There are 2 protein chains.
Amino acid sequence: MTDRAGTFDGVHRRNLSKVLGHVHLDGPLSRARLTAMTGLNRSTVASLVAELTARGLVIEQAPDPTNRVGRPSPVVAPDPRVLAIAVNPEVDAVTIAAVGIDGGIPARERIEVDHLPSPDETAELVASALDRWRAADLRDARFVGVGLAVPGLVRASDGLVRFAPHLLWSDVPIRALVEESTGLPTAVGNDASLGAIAEHLFGAGRGVDDMVYLNGGASGIGGGLIVHGRPVGGSAGYAGEFGQNRPGIAAPDDRRAAEGVLEDEVSRARLLEVVGLDHGDEPTLADALAAADSPAVADEVGRQSRILATALCNAVNVLNPSLIVLGGFLATLAERDLGALEAAVAAQAMPAASEGLSIRVAALGENRLLIGAAEIAFADLLADPLGR
Amino acid sequence: MTDRAGTFDGVHRRNLSKVLGHVHLDGPLSRARLTAMTGLNRSTVASLVAELTARGLVIEQAPDPTNRVGRPSPVVAPDPRVLAIAVNPEVDAVTIAAVGIDGGIPARERIEVDHLPSPDETAELVASALDRWRAADLRDARFVGVGLAVPGLVRASDGLVRFAPHLLWSDVPIRALVEESTGLPTAVGNDASLGAIAEHLFGAGRGVDDMVYLNGGASGIGGGLIVHGRPVGGSAGYAGEFGQNRPGIAAPDDRRAAEGVLEDEVSRARLLEVVGLDHGDEPTLADALAAADSPAVADEVGRQSRILATALCNAVNVLNPSLIVLGGFLATLAERDLGALEAAVAAQAMPAASEGLSIRVAALGENRLLIGAAEIAFADLLADPLGR
DNA sequence: ATGATTTGTTGTGAGATACAACATAAAGCA
DNA sequence: TGCTTTATGTTGTATCTCACAACAAATCAT
């Protein structure tokens with residue numbers, strides 16, 4: 001919105017955005033509930049909803065049989081035909097999905113590749129999936145944009161992938177490539193940051209305005225912050241790189257990597273190693289850890305938990321969040337004894353800051369990144385349903 | 001503002017707030033410049049300014065002789081008679097000032113005490129200063145609120161001082177006490193966080209939307225964050241406690257305190273000790289450091305700088321700020337070789353994140369905390385000039 | 001069936017800003 | 001000095017959006 005706040009048009013757009021945002025986040029809502037949530041007048045909400053309906057963004061459904069006194073209120077739902085393309089390129093596959101503004105995922109493909117997907121290839125895969133869907137099942141859908149979750153540093157201003165170590169992408173203008181191949185407006189974000197957004201809006205962090213999200217992946221530790229209810233990008237969009245931090249390590253014996261950073265010490269590879277696995281997905285690792293009763297495993301889990309606790313404390317002292325959400329192998333690690341981790345954080349962090357703090361594991365499953373990617377694809381539309 | 005956004009009244013209030021905010025932050029501005037800055041219509045700005053004038057918040061002055069073609073535009077300035085009381089209780093004195101919404105400080109008293117000031121005493125000192133000023137020089141002033149900068153943890157919701165170690169205040173309802181003694185609405189904040197706000201609005205961080213401020217005081221290291229242009233409080237308001245963090249210490253020899261936190265390692269006391277001073281103000285310490293040429297001094301400065309650099313890196317990785325501002329003895333420490341500190345941060349932080357980063361020393365002098373305290377006292381008025 | 005309750009619908013009113021036309025004050029220039 | 005140019009204040013009108021009130025509709029309770 002080109003700073004239309006303060007004008008009439010601005011008010012109207014904000015109100016449309018508010019209504020659309022509520023049904024997007026909370027799902028179908030009666031008009032009566034919307035009036036309550038927005039604080040606007042009944043008649044105003046009616047006209048806003050009518051406008052959104054005319055633009056094909058929401059649909060009005062028959063009232064729910066609520067068994068309550070009074071005239072039933074029609075239910076306003078996001079129009080499931082409004083879709084975004086969510087993309088997650090990884091070393092061994094590119095996952096592409098169609099995600100509805102209603103949260104549904106009517107189409108999803110994981111395209112395995114036997115080589116690292118190149119930027120051009122990724123853009124082409126997205127375009128061909130889009131074409132296929134447009135020609136078949138999703139014929140009557142309306143695709144409003146593309147969102148990419150990239151495992152690397154993404155410059156917010158232009159969607160340039162500065163460096164994605166595992167994809168071996170370096171200064172790749174992926175946003176421009178995908179915009180060209182699809183003709184759709186495209187947004188790009190760091191995968192862990194998008195995970196944070198997804199957990200904040202639809203997962204373990206629903207309704208929490210100040211949270212920290214840390215994700216443990218095969219390649220390292222990333223994350224994202226939500227402050228004042230908004231995702232934090234920082235000046236260029238690189239915020240959230242917890243894995244590169246250097247937390248204090250109280251016991252010298254706990255250090256494995258000289259001059260190492262958090263993700264050198266707290267790592268999935270070390271956990272796999274100690275349980276004697278070469279590789280494996282998250283449940284496999286969790287099962288192996290649960291089954292193992294060797295002291296070596298307990299030691300390694302303890303060591304990593306101690307270091308993780310210190311890293312979390314640093315974040316808690318600085319940000320005073322009300323919630324920390326852990327995903328990936330950090331969830332596996334933490335879930336073994338969530339109470340102990342909370343206690344360790346409470347012991348080291350400022351007492352006051354840890355009072356209101358809870359630590360949870362991520363709630364969304366494998367679709368987390370796709371949901372986050374779709375969210376940034378929807379962002380413009382949600383912020384200003386009239387566009388421009 | 002009780003969520004009046006989205007209504008007409010809301011628009012009007014927002015626009016009043018916008019105009020008042022601009023003249024508050026940037027000083028006197030011509031009406032023509034205000035129209036450009038707000039994007040509103042000339043006639044609209046005229047009526048907004050008239051309303052603010054009627055409410056005694058701004059004054060219109062004769063146009064500046066600008067030597068430019070065209071009809072001269074009257075200059076809108078904040079009314080210097082609109083004042084806040086800013087208070088900073090310390091172990092040896094309570095500083096109280098009247099701070100104008102124009103940024104002026106027409107009155108300032110440092111009341112030395114030979115004992116720790118108690119909460120009640122502080123509240124009484126504020127009330128009596130207020131009475132004196134109201135009876136004399138500032139007879140025609142309008143006091144809109146009190147802001148306190150407290151060296152301790154302050155709960156944002158109710159202005160309760162949870163713990164101020166040096167004042168020995170514990171769970172002190174200082175906001176209520178001062179509101180009672182003065183009859184004025186009162187706001188309370190942590191001193192370093194208020195320093196961050198002041199530097200952001202009027203000091204080294206002017207115009208910077210993502211910054212980190214660290215202050216080195218006699219008692220430890222505190223700070224504050226600005227994210228998306230807004231100060232970060234966190235869930236309870238305790239954010240910014242960098243001093244309690246545990247940064248990694250690469251060289252074991254650099255560690256002085258087992259299990260120590262940042263402010264145990266990087267401390268003013270250690271600097272004073274190494275130059276052989278018992279105590280001393282900031283210039284004294286800076287001079288002593290500059291004059292010393294013993295290797296012990298250089299070693300200690302180097303050691304503290306190394307640890308500080310790691311702590312800053314942790315913040316940079318997570319927040320990707322465009323600016324770090326250092327105050328207090330951290331400024332003294334950094335100023336000895338700002339380039340080296342920047343290099344050390346660049347060497348350890350993610351390369352991309354340190355690209356757009358600059359490190360500066362604080363620009364505001366001894367009035368920093370008073371300006372920050374006044375700012376939170378003015379906050380309600382600035383957010384909604386009509387009140388309620 | 002009747003009343004109570006809640007909410008949609010409709011028409012009117014109010015408030016704030018945008019816009020256009022005109023007025024005004026300064027600088028530039030002949 | 002006086003005219004032109006330029007930029008801005010001033011005034012009155014138009015427009016837009018939301019609030020409000022009155023009425024209608026749909027459900028539950030008796």
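Just so we're on the same page: letters track the sequence lines, and every chain starts at 1. Here the structure is a predicted model, which is why all the values come from computation and not from measurement.
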OP1 or OP2 of [N] under 4.0 Å from side-chain N/O of [X]:
{"X": "N15(B)", "N": "dT17(C)", "value": "yes"}
{"X": "R31(A)", "N": "dT9(C)", "value": "yes"}
{"X": "S73(B)", "N": "dG9(D)", "value": "yes"}

Partner residues of F143(A) under the ring pair (Phe, Tyr, Trp, His ring centres under 6.0 Å) criterion, sequence neighbours left out: none
Touch class at under 4.0 angstrom, heavy-atom based, for S43(B) against every strand present: base
Sugar-phosphate only, base, or nothing, as touched by P74(B) at under 4.0 Å among non-hydrogen atoms: sugar-phosphate
Just how far, in rounded Å, is [atom2] of [N] from [atom1] of [X]?
{"X": "K18(B)", "N": "dA16(C)", "atom1": "NZ", "atom2": "P", "value": "16 Å"}
{"X": "D64(B)", "N": "dA7(D)", "atom1": "CG", "atom2": "P", "value": "18 Å"}
{"X": "N41(A)", "N": "dT12(C)", "atom1": "CG", "atom2": "P", "value": "17 Å"}
{"X": "R42(A)", "N": "dA25(D)", "atom1": "CZ", "atom2": "P", "value": "15 Å"}
{"X": "L34(A)", "N": "dC18(D)", "atom1": "CG", "atom2": "C1'", "value": "17 Å"}
{"X": "E60(A)", "N": "dG8(C)", "atom1": "CD", "atom2": "C1'", "value": "10 Å"}
{"X": "R13(B)", "N": "dG15(C)", "atom1": "CZ", "atom2": "C1'", "value": "13 Å"}
{"X": "H12(A)", "N": "dT15(D)", "atom1": "NE2", "atom2": "P", "value": "17 Å"}

Sugar-phosphate or base contact per nucleotide [nucleotides 25-30 of chain C; S, B, -; heavy atom under 4.0 Å]: BBS---
Distance in Å, L138(A) CG paired with L83(A) CG, rounded so as to fall on 0.5 Å steps: 6.0 Å
Step-by-step salt bridge (charged side-chain N to carboxylate O under 4.0 Å, His left out) determination, E199(B) to R206(B): CA-CA 7 Å; E199(B) 289 289 338; R206(B) 273 196 91 120; over 6 Å; no
Donor-acceptor contact below 3.5 Å, side chain R360(A) vs main chain A204(A): yes
H24(B) side chain to E375(B) side chain, donor-acceptor N/O pair below 3.5 angstrom: yes
Check: L40(B) and N15(B) side chains under 4.5 Å, non-hydrogen atoms: yes
L20(B) and P78(B), any side-chain heavy atoms less than 4.5 Å apart: no
Residue whose nearest DNA chain C nucleotide is more 5′ - T44(B) or S30(A): S30(A)
Pairwise 5' ranking along DNA chain D for A46(B) and L48(A), keeping only the more 5' one: A46(B)
